[in-house]
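Here it is, the structure in full.
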Amino acid sequence: MYIRLASQNGVFRLQPIQRQNDTELDVAIADLEKRGFILVRRGKTPSQYSCDITYSRVWAIMEKYMY
């Protein structure tokens with residue numbers, strides 16, 4: 001479940017969290033923040049067509065400091 005970053009001792013990063021929309025992602029982020037994780041990065045995955053400006057998924061990367 002956790003990935004240990006070799007360059008930084010004591011930092012554990014979760015696999016990217018992927019959801020269908022921003023509302024679902026906000027709920028998942030809030031749940032993990034209650035457990036002590038912090039948000040590192042957040043973004044959107046564009047659809048496969050370059051002419052389409054919609055996004056197929058949203059994602060976030062969370063990590064926790066274990067000192």
Using the rule that Ile, Leu, Val, Met, Phe, Trp and Tyr join whenever any side-chain heavy atoms are under 4.5 Å apart, tell me whether Phe37 and Ile29 fall into a single cluster.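 The answer is yes; both residues are in one hydrophobic cluster.
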
From Gln20 CD over to Leu25 CG, what is the distance, rounded to the nearest 0.5 angstrom?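 That separation rounds to 11.5 Å.
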
According to side chain to side chain contact (heavy atoms under 4.5 Å, CB included), who are the partners of Asp22, at least two apart in sequence or on a separate chain?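 Side chain to side chain contact (heavy atoms under 4.5 Å, CB included) list for Asp22, sorted by chain: Arg42, Lys44, Val58.
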
Interatomic distance, Arg35 atom CZ to Leu14 atom CG [nearest 0.5 angstrom]: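 Result: 9.5 Å between the selected atoms.
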
May I ask whether Phe12 and Val40 are part of the same hydrophobic cluster, defined by side-chain heavy atoms of I, L, V, M, F, W, Y residues being less than 4.5 angstrom apart, directly or through others?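 No, separate clusters.
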
Once you round to the nearest 0.5 Å, how far does CD1 of Ile38 lie from CD1 of Ile61?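 The CD1 atom of Ile38 sits 12.0 Å away from the CD1 atom of Ile61.
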
Taking it one step at a time, do Arg13 and Lys64 satisfy side chain to side chain contact (heavy atoms under 4.5 Å, CB included)? CA-CA 6 Å; Arg13 184 173 284 183; Lys64 185 175 186 177; over 6 Å; no

Is any side-chain N of the basic residue among Glu24 and Arg19 closer than 4.0 Å to the acidic one's carboxylate O?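 Answer for the salt bridge query: no.
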
Gap separating the CZ atom of Arg57 from the CH2 atom of Trp59, nearest 0.5 angstrom: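 Here the rounded value is 13.5 Å.
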
